[in-house]
Protein chains: 2
Amino acid sequence: MKMAPLLQEFVLHFGEMGSRWGINRTVGQIYAVLFLSKTPLNAEEITTALGISRSNTSMGLKELQAWNLVRLRHLPDDRRDYFTTPDDLWEIVRTLVAERKKREIDPTLTKLRELEMQGAQGDPYAEARIAELRELIEMMSTFYEDMNRLETERLVQLMTLGAKLGGLVEKTSRLNPFTRTKG
Amino acid sequence: MKMAPLLQEFVLHFGEMGSRWGINRTVGQIYAVLFLSKTPLNAEEITTALGISRSNTSMGLKELQAWNLVRLRHLPDDRRDYFTTPDDLWEIVRTLVAERKKREIDPTLTKLRELEMQGAQGDPYAEARIAELRELIEMMSTFYEDMNRLETERLVQLMTLGAKLGGLVEKTSRLNPFTRTKG
DNA sequence: CTGATATTTCAGAAATTTCTGAAATTACTG
DNA sequence: CAGTAATTTCAGAAATTTCTGAAATATCAG
């Protein structure tokens, strides 16, 4: 791997973290290289930078595309594919959250609904737990959708408010008779 | 695996999802069995329910304990260890988020800070990206800590407000001169 | 202490995932 | 169309992770 030591360390870290993020080492490294590069890179450049096989790069890029984490670009008079990551980090965060929800939450929600359809089979406790879990996941999904609809600017404002939101909600629930509260 | 078909399906699903959640199949299945069981279970019961080896159960339980996802309990006149999951699903969610942050976010934040300390090494763009990423992760961490400090009741209220929060923040930032806005 | 039960450890086996090089495919150029 | 460059596919190799059975350790009762 031929890069400035600093960048190399960053890339290696992303590789090591890869498995925890649900991607593999190489995919993490490819992403890191693209993330740090001002200009789009083609597969050959990535291959050399990381010292992996060309086919591995191809598969890694395919996976990153499946995650919507990289953009395919073309340069004039060059028929190779070039890849970049979005400039806007918030866009990256949105994509990550959306994709993880799709892979880690949605299938379970579907399954829980299926199981509830099939109805009671002799274990009221288990059935209640499944229902409760389904409700909670639905609630979080709805909240996610609401937040995802906000412009980034609003989202940042909300997050910056942080702890103050606790007080806000209290006021709101007193002022607004339509606000639902649990329990 | 000897359980009601409904529960069995749930357990198998958690097993399959395991890899996406950063745990393995068996660990996912063990958790599922505990989650659905009204009474605490001992290792032997889990082993029979899942048809795996006793040592595998032992290792799986150890991993779940490392994640703080199960509770160890003891029954009178029985020296075996019994395990449960918390009754309160929100407690489970809090644990999950905390542990995932610890494993998936915190090490990267540390690394990014380290890299920034080492300073510029000839690539201003890469350095700017690293700084930007560090700032964003810090902001999200702070927000997480703020939310985590709220009682569950407040958290649920906030989430139920959902889309309304977008409007709220707008009002707040006008009313409160101390509210920071980005950019 | 001795024996019985419960749990953990761990080396190697089994299963799974990742990676490579070669071949196949695609897409463009002249 | 033939030739070339870019990319993808894929079978098997390599690496990694998971699982098991046996042995070791721990814990308790008498």
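By convention in this document, chain letters (A, B, ...) are assigned in the order of the sequence lines, proteins followed by strands, and residues within each chain are numbered from 1.
Residue contacts shown for N42(B) are absent, as no nucleic acid heavy atom lies under 4.0 Å away. Residue R80(A) is in sugar-phosphate contact alone, with no base atom involved, counting any heavy-atom pair closer than 4.0 Å across all strands shown. Heavy atoms of N56(A) sit under 4.0 angstrom from at least one base atom.
Judged by distance alone, the side chains of T108(B) and R20(A) never bring a donor and an acceptor atom under 3.5 Å apart.
Atom pair H74(B):NE2 and dT5(C):C1' shows a separation of 13 Å (rounding to whole Å applied). Between the P atom of dT25(C) and the CZ atom of R79(A) lies a distance of 18 Å, rounded to the nearest Å. In this structure, CD1 of I52(B) is placed 15 Å from C1' of dT8(C), rounded to the nearest angstrom. Rounded to whole angstrom, the span from the CD atom of E44(B) across to the C1' atom of dA6(C) amounts to 10 Å.
Put simply, the side chain of R54(B) and the base of dT7(C) share no donor and acceptor less than 3.5 Å apart.
At a threshold of 4.0 Å, the pair E116(B)-R113(B) does not count as salt-bridged, since none of the basic side-chain nitrogens sits closer than that to a carboxylate oxygen. Salt bridge annotation for E16(B)-K111(A): absent, with no cationic side-chain nitrogen under 4.0 angstrom from a carboxylate oxygen.
Taking the nucleotide of DNA chain D with the nearest heavy atom to each of K62(A) and R25(A), the more 5' of the two is matched to K62(A). Annotation: of the two residues near DNA chain D, D78(A) and S53(B), the 5′-most nearest-nucleotide partner is D78(A).
The backbone N or O of G60(A) sits nowhere less than 3.5 Å from a side-chain atom of E63(A) that would complete a donor-acceptor pair. Side chain of R94(A) to backbone of N148(A): a donor-acceptor contact under 3.5 angstrom is found.
Taking CG from L158(B) and CD from E153(B), the interatomic distance works out to 10.5 Å, rounded to the nearest 0.5 Å.
Reading DNA chain D from its 5' end, the first and the last nucleotide to sit under 4.0 Å from a heavy atom of chain A are dT4(D) to dT16(D).
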